[in-house]
Amino acid sequence: MKPEVPATLQALAGVLLAEIAPRLVDDYTQKTSGVAAGLLLVAAEEWDRAAERRVQENRALRRLFAEAAPQVRSEGLRRRIELASRSRDPSLRLSSLDERNALLRGLLIELHAHVESLTGPAATRLEAQIWDELRAGVERRAIGFWPL
Amino acid sequence: MQALAERFARYAAHRMSGARDVRVDGLSRIHGGASRETYRLRLRWSEAGEPHERGLILRRDPPSSLIETDREHEFRAYRAFRGTDVPVPEPIWLEEDASWLERPFFVMERVDGCESSLRGLTEAPCVAHREKLGRTKWQVLAAIARADPSRLGLAKGRSELSPESCWEHELSHWEHVIDADELEPEPIARAAIRWLRRNPPPPAERISVVHGDYRSGNFLYDADGNLRAVLDWEMWHLGDPLEDLAWSLNPLWSWPEAKLAGRLLPREQAVAVWEQASGLHAPSEALHWWDVFTQVKSLAIWISSGREYADRRSQDPMLALVGWVVKGAQDRLALDALRSPS
């Protein structure tokens, strides 16, 4: 069998909801099964895009760092921003992409805090770019199945 | 479940000296309430030859919790507000000895004929009474804000808080929660925290009891739109009453009816009801600060739940759901709050 993971997870969620939950006698386990089924559907949605959204975000952060570096006044931070802007994802494994993403997002926090201390139109533009990236990060992670 | 029922019956018999033939019927766990395991049950016994029964709620400490508080703290709030303008279930027993039910717990009255669900607010029969229930909801919150902590016996720690700095106490608390529990860097939460520190709110108009989780879903209502009991006091503390007001207005509790705070009233109307009933003021600048704070506190709670699940301290899928899906939604709301004018 060629493992179609999203379809498998969706089918499992369907079994939980339609076959198992109705046979459970108490309200607590029935609702817990419903939540578990919902999580399977969320995982199914995440599966297909998981690598792409991480790669996209890491690239977007590096682009942002490349544009931001000349405006960073702190030498140490600027050096790390420049280094990060030239870094690459060593592998497409999710764990590896996540590790890089955590480094880049940690640096984004430092950059944002630094930019907030600057004045002038360039700093204002850079801060707006950071807010745009934060918004883009939220949208990349949004779950269409559960549109809260 | 049968073993728990038998153990609880033994405990109840121990607490009720004149009771005979004590037994438990209909013990079942209630979904939600991730901070404590919550069970409903009916206790039956005979006394002086007469049969008796009573509906009870058992709140037992979980092996792992979304919010780490001690049960005595929560029990004290129920005891303090019992018989006041703030309806609460009668607190009955507080038991710190874990040998009875494996973990400490407390017991309170079960308020029958009610529900607490968010969905029920948008369906018959309650949907017809939403305005009435909404007005009561924010009037009761005003009653909490008006209550004198000293008279209630809830003033411990009052001297350490000032109207000028109570915000800092709360913000630091939740910042530390994020520091301890984040699974990855949280740039939105961190941006919000920095904004809150750069733009402190005006001094609190008074130091009040703050429920800490006052929202649709945490009170019982009946089919006629009466608010019968305020629940889930585990996060109560002293502070600025605007904290509770902002929390009650968190857009997360409105979804999918964005224009109705807590699915009940338009935000402006809710604030007006609260101001009139409390005699306090909610200036937009101050309320905006607490709106942003609400986002940080919410994020901290969802981040913690994700940590609980990731560390396998709990297998409850609800913790994974809120740590993943709800946390993502809250990030968006935090951005909205940060970018909206006060």
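Throughout, protein chains are lettered first and strands after them, A, B, ... in sequence-line order, and every chain is numbered starting at 1.
- For a residue to count as touching a neighbouring chain, one of its non-hydrogen atoms must lie under 4.5 Å from one of that chain's; by this rule Trp324(B) touches chain A with the side chain only.
- At a 4.5 Å heavy-atom cutoff, the contact between Leu134(A) and chain B is made by backbone and side-chain atoms alike.
- Chosen from Gly106(A), Ala36(A), Ala113(A), the residue pairing most often with chain B at heavy-atom distances under 4.5 Å is Ala113(A).
- Using bins of under 30°, 30° to 60° and over 60° for the plane-to-plane angle, the ring pair His31(B)/Tyr28(A) lands in the tilted bin.
- The side-chain contact (heavy atoms from CB on, under 4.5 Å) check on Leu83(A) picks up Arg86(A), with sequence neighbours excluded.
- A salt bridge (Lys or Arg N to Asp or Glu O under 4.0 Å) check over residues 93-106 of chain A, counting only residues at least two apart or in different chains, returns the pairs Arg54(A)-Asp98(A), Glu57(A)-Arg105(A).
- The shortest distance between side-chain heavy atoms of Val55(A) and Leu92(A) falls below 4.5 Å.
- With a 4.5 Å cut-off on non-hydrogen atoms, Gln30(A) does not touch chain B at all.
- At a 4.5 Å heavy-atom cutoff, Leu333(B) makes no contact with chain A through either its backbone or its side chain.
- For the pair Leu111(A)/Val72(A), a side-chain contact is recorded, criterion being any heavy-atom separation below 4.5 Å from C-beta on.
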